[in-house]
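These notes concern the structure reproduced below.
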Amino acid sequence: MHNFEKLKIWQKAMDVVVEVYKVSLLLPVDEKFNLIHQIKKCAVSIPSNIAEGSGRNSNKEFIQFLGIANGSTFELITQLILAKRLSLVSEDIIQPIINQLVEISNMSFSFQKSLKEN
């Protein structure tokens, strides 16, 4: 078992959630039940799956949840790119979040590799 609150990957994922919630306030109200809901859901899913996996009984289970978090990471990147392509949010707002998500994904792949080795 891992203390998820001490994991840098979880901390960074939580930072992204805060940024995504701020960005969602910039999106049009008519996207409330579409893109805004989906973006928030994906963002929250990333640290939630890291936390859930950390509480599982084995590294194999933790790796599975890190994989789910990775899926949500890439889904969120896609949704942010879509918001940018629809001109709902500017690139200078979206790109730093995408960069953070790529970093989280890289951390996750490295973490999964180290868990497999143990």
Side-chain angles (χ1 to χ4, degrees):
M1 234 169 78
H2 300 264
N3 183 348
F4 68 88
E5 291 175 292
K6 291 184 178 181
L7 295 173
K8 283 190 184 255
I9 187 173
W10 180 84
Q11 294 168 3
K12 287 183 180 285
M14 290 293 287
D15 292 342
V16 166
V17 174
V18 171
E19 291 304 311
V20 165
Y21 267 70
K22 289 177 185 176
V23 167
S24 71
L25 295 173
L26 303 174
L27 296 171
V29 176
D30 64 336
E31 286 294 333
K32 182 176 182 181
F33 298 107
N34 296 314
L35 194 55
I36 294 172
H37 173 74
Q38 193 63 29
I39 285 173
K40 286 179 174 180
K41 186 176 172 185
C42 278
V44 170
S45 175
I46 299 166
S48 297
N49 276 293
I50 294 166
E52 184 173 354
S54 74
R56 293 298 175 138
N57 295 323
S58 68
N59 284 349
K60 184 177 179 182
E61 288 179 288
F62 195 1
I63 291 166
Q64 180 181 359
F65 280 90
L66 288 169
I68 294 167
N70 264 349
S72 294
T73 300
F74 288 110
E75 187 178 355
L76 180 55
I77 290 170
T78 299
Q79 292 160 359
L80 293 173
I81 292 170
L82 178 61
K84 180 180 72 172
R85 289 179 72 174
L86 292 171
S87 300
L88 300 175
V89 182
S90 66
E91 182 168 356
D92 62 318
I93 292 173
I94 294 296
Q95 196 57 52
I97 299 171
I98 291 174
N99 293 345
Q100 289 176 292
L101 289 165
V102 169
E103 182 182 2
I104 289 167
S105 176
N106 290 337
M107 290 174 74
S108 179
F109 285 124
S110 294
F111 194 19
Q112 288 177 59
K113 185 178 178 183
S114 72
L115 289 171
K116 286 178 187 173
E117 293 170 356
N118 289 334

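Everything numeric in this text was worked out from a predicted model, so none of it was measured. Worth knowing before you read on, the calculation uses all heavy atoms, side chains too, and leaves out hydrogens, waters and symmetry mates.
Linking Ile, Leu, Val, Met, Phe, Trp and Tyr residues whenever their side-chain heavy atoms come within less than 4.5 Å leaves L101 and I68 in two separate clusters. Two different hydrophobic clusters hold F65 and I104 under the rule that ILVMFWY side chains link at heavy-atom gaps under 4.5 Å. Residues L7 and I63 share a single hydrophobic cluster, defined by chaining ILVMFWY side chains whose heavy atoms lie under 4.5 Å apart. Hydrophobic clustering (ILVMFWY, side-chain heavy atoms < 4.5 Å, transitive): M107 and L115 are in one cluster. By the rule that hydrophobic residues join a cluster once side-chain heavy atoms approach within less than 4.5 Å of another member, I39 and I77 end up as members of one cluster.
Atom CD1 of I81 and atom CD of E91 lie 9.5 Å apart (nearest 0.5 Å). Expressed to the nearest 0.5 Å, how far NZ of K6 lies from CD of Q11 amounts to 10.5 Å. Separating the OG atom in S54 from the CG atom in N49 is a distance of 10.5 Å, to the nearest 0.5 Å. Distance check, rounded to the nearest 0.5 Å: CG of L88 to CG of L82 gives 7.5 Å. One finds the CD atom of Q79 at 11.0 Å from the CD1 atom of I98 (value rounded to the nearest 0.5 Å). Put simply, CG on N59 and CG on L66 are 9.5 Å apart, with the number rounded to the nearest 0.5 Å.
Closest heavy-atom contact between I50 and F62: O-CE1, 3.5 Å. Closest of all the heavy-atom pairs between S105 and T73 is CB-CG2, 4.2 Å. Considering all non-hydrogen atoms of both residues, S72 and C42 come closest at CB-O, 3.9 Å. Of all heavy-atom pairs spanning W10 and P47, the tightest one is CD1-O, 3.3 Å. In terms of heavy atoms, Q38 sits closest to E75 at NE2-OE2, 2.9 Å.
Formation of a donor-acceptor pair under 3.5 Å by the E61 side chain with backbone atoms of N57 is found in this model.
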Got a list of side-chain donor-acceptor pairs under 3.5 Å for residues 14-31, not counting sequence neighbours?
from: S24; atom 1: OG; to: Y21; atom 2: O; distance (Å): 2.7
from: E31; atom 1: OE1; to: L35; atom 2: N; distance (Å): 3.3

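Surrounding NZ of K84 are more than 12 heavy atoms belonging to other residues, nucleotides or ligands, all under 6.0 Å away.
The shortest side-chain heavy-atom distance between H37 and K32 does not fall under the 4.5 Å cut-off.
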Between Q100 and K12, is a side chain to side chain contact (heavy atoms under 4.5 Å, CB included) present by the stated rule, with each step listed? CA-CA 8 Å; Q100 289 176 292; K12 287 183 180 285; over 6 Å; no
Test side-chain hydrogen bond (donor to acceptor under 3.5 Å, both in side chains) on S108 and Q112; report intermediate values, then the result. CA-CA 6 Å; S108 179; Q112 288 177 59; 3.1 Å; yes
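Note on ring orientation: taking the six-membered ring where Trp is involved, the planes of F74 and F109 are tilted (angle from 30° to 60°).
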